[in-house]
There are 2 protein chains.
Amino acid sequence: MVVEQLDAPDPEEVIEAAKAAFRDGAMLTVQARCEGEYEGRTSGYLGPGDRILVAKPDGTFLVHQPTGHKPVNWMPGGGTVSPRLSEGGAARGAAEESSGDEPRVAVLLARRTNPSERVEARILDAHGLTRFDASDGASYEESGTEAEMHEYIEQNPAVLEEGLRIVEHERETKYGFIDFFARDADGVPVVVEVKRIQATLNHFDQLQRYVSLYEESEASPRGGGVTAGNEEVRGLLVAPSASERVRRALRDNDLEFVELGEFGTDAKGATEAKLTDF
Amino acid sequence: MVVEQLDAPDPEEVIEAAKAAFRDGAMLTVQARCEGEYEGRTSGYLGPGDRILVAKPDGTFLVHQPTGHKPVNWMPGGGTVSPRLSEGGAARGAAEESSGDEPRVAVLLARRTNPSERVEARILDAHGLTRFDASDGASYEESGTEAEMHEYIEQNPAVLEEGLRIVEHERETKYGFIDFFARDADGVPVVVEVKRIQATLNHFDQLQRYVSLYEESEASPRGGGVTAGNEEVRGLLVAPSASERVRRALRDNDLEFVELGEFGTDAKGATEAKLTDF
DNA sequence: CGTGCCAGGTGCCAT
DNA sequence: ATGGCACTTGGCACG
């Protein structure tokens, strides 16, 4: 049996099922009305409502509200999720609990260290529970990444500029990594920063950091010359597009923008994915 | 009935349940062996394996493998998820499908525009399905955010430096937003960038951008003076910590680092959360 | 709607 | 472990 479902389990059943699932390395899904609490890098509280809880064998824990892409609360893998029975009432403070005979509720507590943090979900009403003995050996294969864009540029530096010669890829410098260090047709050094998406001000920042570094570090060994020699380093920001703010920032700082989109589909045999389009 | 569970539903049942759930604005969870495919900002493929699929009424769609915090495939809200029956076989290419009498499989297709992208999950074997008519009016309340750190600094500018006076919060400039614009005890202008976490090179970049901008924009109206007057602007990066690289970058560019952690727990009545510590 | 920027960012890979 | 950086980043706030 790959899955095992419980309908409206009581707290004890939730705890039992959760313990068994974690013991056996199964995934657990619970549909429930619950409260949530997080304490760690920040802290927060989520009042009662209907959510889906997911616990994975690697310690991952997710609390999903009915809307939104991100879990409202979560714990990355590496820690542990421990189920336990607790007194009813709000997670907020014990003061609200008046009498001692409140109904017991199931609690899922996810913890980890480094950073030290915890998520607690108090299951006020479990509507459904599913245990899933999942087995998955596949891993996601992606293409169209910036790494591929780098390869494409390295193979076809002329798409950036005629006569450009790539000297080094991922050059490490005192302040960070330059995507490409190159020289133009006249031998002038060129620092290249590549972005797969529309360029932002932070991307401009990066390029500016690398270029000003280069100016410094290469100018200093000259010694004698005052602000000598090598203002002649160029900076290229390569991206499919850029906002006007970014273009102006580049211009004002004597940096250049190279528009490059649809890499890999230009020169080579392209027009392939168009068939499954609609 | 808040939840409705199906055990090992056949493809037709999956489609029916999915249609009904989407029509009624319910959340859908499916435990299944499936393939995944994404096409949009990049493209990618995920071979067969056991995963949990979650579809929300707002168009959110998630594919979760047995490990990892992030869904392996997903679609943010705003689009639509549409269920449909399709021929069996790999999503990879129609060429692999030899005969026409393959078993039909249920497919969940999530799409949106702007950006145009789609995720397709081909459900090869549905182990379990749960429909959840969830109702959740609560929203997450968080504290310890950078916004609160800003408030704290605005109330207690002396924690940054004795005699510092905050002039403006969130000042907009030509290239972006300065967290604080201030003046020190001598009236010298100070640009302040605040980070809640360990400072990174990008954070240094931001501060550097704002400072050099200030130097420019204030120097130009002076007109006559050659590189006149106002090199005298200071830049402060405020964060709980910073790597050595960042500290050096700051030093080399005549910017300053102010270590500030545990904001709000210093001056005020603190030592509160320590009780629920273990 | 785009632009800028924070996020409990997360994940990957390097030293 | 720490650091630098991309990410189908997502999300919010503001012009």
Side-chain angles (χ1 to χ4, degrees), chain A residues 38-44 60 67-78 112 114-119 140 142-150 170 172-179 193-206 209-210 241-246 249, chain B residues 36-44 60-61 63 68-78 110 112 114-119 140 142-147 149-150 170 172-179 193-206 209 241-246 249:
Chain A
Y38 166 73
E39 204 158 323
R41 287 170 283 184
T42 65
S43 60
T60 296
T67 60
H69 155 82
K70 271 181 53 178
V72 63
N73 280 123
W74 72 92
M75 188 65 70
R112 72 160 170 171
N114 207 293
S116 168
E117 49 188 356
R118 64 191 198 95
V119 167
Y140 185 59
E142 193 179 20
S143 74
T145 61
E146 186 174 302
E148 286 184 11
M149 194 168 175
H150 282 197
E170 302 282 334
E172 180 167 14
T173 72
K174 196 169 52 164
Y175 294 151
F177 284 80
I178 296 178
D179 279 347
E193 177 65 29
V194 179
K195 293 300 161 189
R196 191 181 58 80
I197 59 174
Q198 169 162 309
T200 69
L201 281 172
N202 272 343
H203 302 154
F204 155 78
D205 285 338
Q206 271 188 47
R209 164 158 41 103
Y210 301 145
S241 62
S243 73
E244 198 41 55
R245 205 81 162 276
V246 171
Chain B
E37 199 177 21
Y38 167 73
E39 204 159 324
R41 288 169 284 183
T42 64
S43 61
T60 297
F61 184 58
V63 180
H69 156 81
K70 271 183 55 179
V72 63
N73 280 124
W74 72 91
M75 188 66 70
R112 71 161 170 171
N114 204 286
S116 168
E117 49 187 358
R118 64 189 197 94
V119 166
Y140 185 59
E142 193 177 21
S143 73
T145 61
E146 185 172 300
M149 193 167 176
H150 282 197
E170 301 282 332
E172 180 167 14
T173 72
K174 195 170 55 165
Y175 294 149
F177 284 80
I178 297 178
D179 279 347
E193 177 67 26
V194 179
K195 293 300 161 188
R196 196 184 58 79
I197 58 174
Q198 169 162 312
T200 70
L201 280 171
N202 269 345
H203 302 153
F204 155 78
D205 285 338
Q206 274 188 44
R209 164 157 44 100
S241 62
S243 73
E244 196 43 53
R245 253 224 185 95
V246 171

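Here is the naming used below: chain letters follow the sequence lines, and residue numbers restart at 1 for every chain. What you are looking at is a predicted structure, and each value in this text was computed from that prediction instead of being measured.
Atom CZ in B:Phe61 sits about 16 Å away from atom P in D:dG10, given to the nearest Å. The separation between B:Glu172 atom CD and D:dG15 atom P is 7 Å, rounded to whole Å. The distance between atom CZ of A:Arg112 and atom P of C:dG8, rounded to the nearest whole Å, is 13 Å. Separating the CD1 atom of A:Ile197 from the P atom of D:dG10 is a distance of 10 Å, rounded to the nearest angstrom. Rounded to whole angstrom, the span from the NZ atom of A:Lys70 across to the P atom of C:dG11 amounts to 12 Å. For A:Glu148 and D:dC7, the CD to P distance is 11 Å, given to the nearest whole Å. Rounded to a whole Å, the NE2 atom of B:His150 is 9 Å from the C1' atom of C:dC6. Between the CZ atom of A:Arg41 and the P atom of C:dC6 there is a distance of 17 Å, given to the nearest Å.
Where A:Thr145 and B:Pro76 each meet DNA chain D at their nearest nucleotide, the meeting point lying more 5' is that of A:Thr145. Where B:His69 and A:Asn73 each meet DNA chain C at their nearest nucleotide, the meeting point lying more 5' is that of A:Asn73.
Every residue was checked against the side chain to side chain donor-acceptor pair (under 3.5 Å) condition with A:Thr173, not counting sequence neighbours, and none meets it. Residues passing the side chain to side chain donor-acceptor pair (under 3.5 Å) test with B:Ser116: none are found, sequence neighbours excluded.
Comparing D:dC5 with C:dA7, their C1' atoms sit 16 Å apart, to the nearest whole Å. The separation of C:dA14 from D:dT8, taken at their C1' atoms, amounts to 24 Å, rounded to a whole angstrom. On the C1' atoms, D:dG10 is 15 Å away from D:dA6, given to the nearest whole Å. Comparing D:dC7 with C:dC6, their C1' atoms sit 15 Å apart, to the nearest whole Å.
The line from OG1 of B:Thr42 to CD of A:Glu146 is 12.5 Å long, rounded to the nearest 0.5 Å.
Within 4.0 Å (heavy atoms only), A:Tyr140 reaches at least one base atom of the nucleic acid. Residue-level contact check: A:Pro115 touches neither bases nor backbone, having no heavy atom under 4.0 Å from any strand.
Using a 4.5 Å heavy-atom cutoff, the side chains of B:Trp74 and B:Tyr38 are not in contact. Using a 4.5 Å heavy-atom cutoff, the side chains of B:Glu193 and B:Ile178 are not in contact.
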**Fill in**
Under a 4.0 Å heavy-atom criterion, the protein footprint on nucleotides 1-6 of chain D, written with B, S and -, is --SSSS

**Message:** Is there a side chain to side chain contact (heavy atoms under 4.5 Å, CB included) between B:His203 and B:Gln198? Walk through the geometry before answering.
**Reply:** CA-CA 9 Å; B:His203 302 153; B:Gln198 169 162 312; over 6 Å; no

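Comparing atom distances between the A:Thr42 side chain and each of C:dG11, C:dG8, D:dG10 picks out C:dG8 as nearest.
The pair A:Glu172-B:Arg245 counts as a salt bridge, with a side-chain nitrogen and a carboxylate oxygen less than 4.0 angstrom apart.
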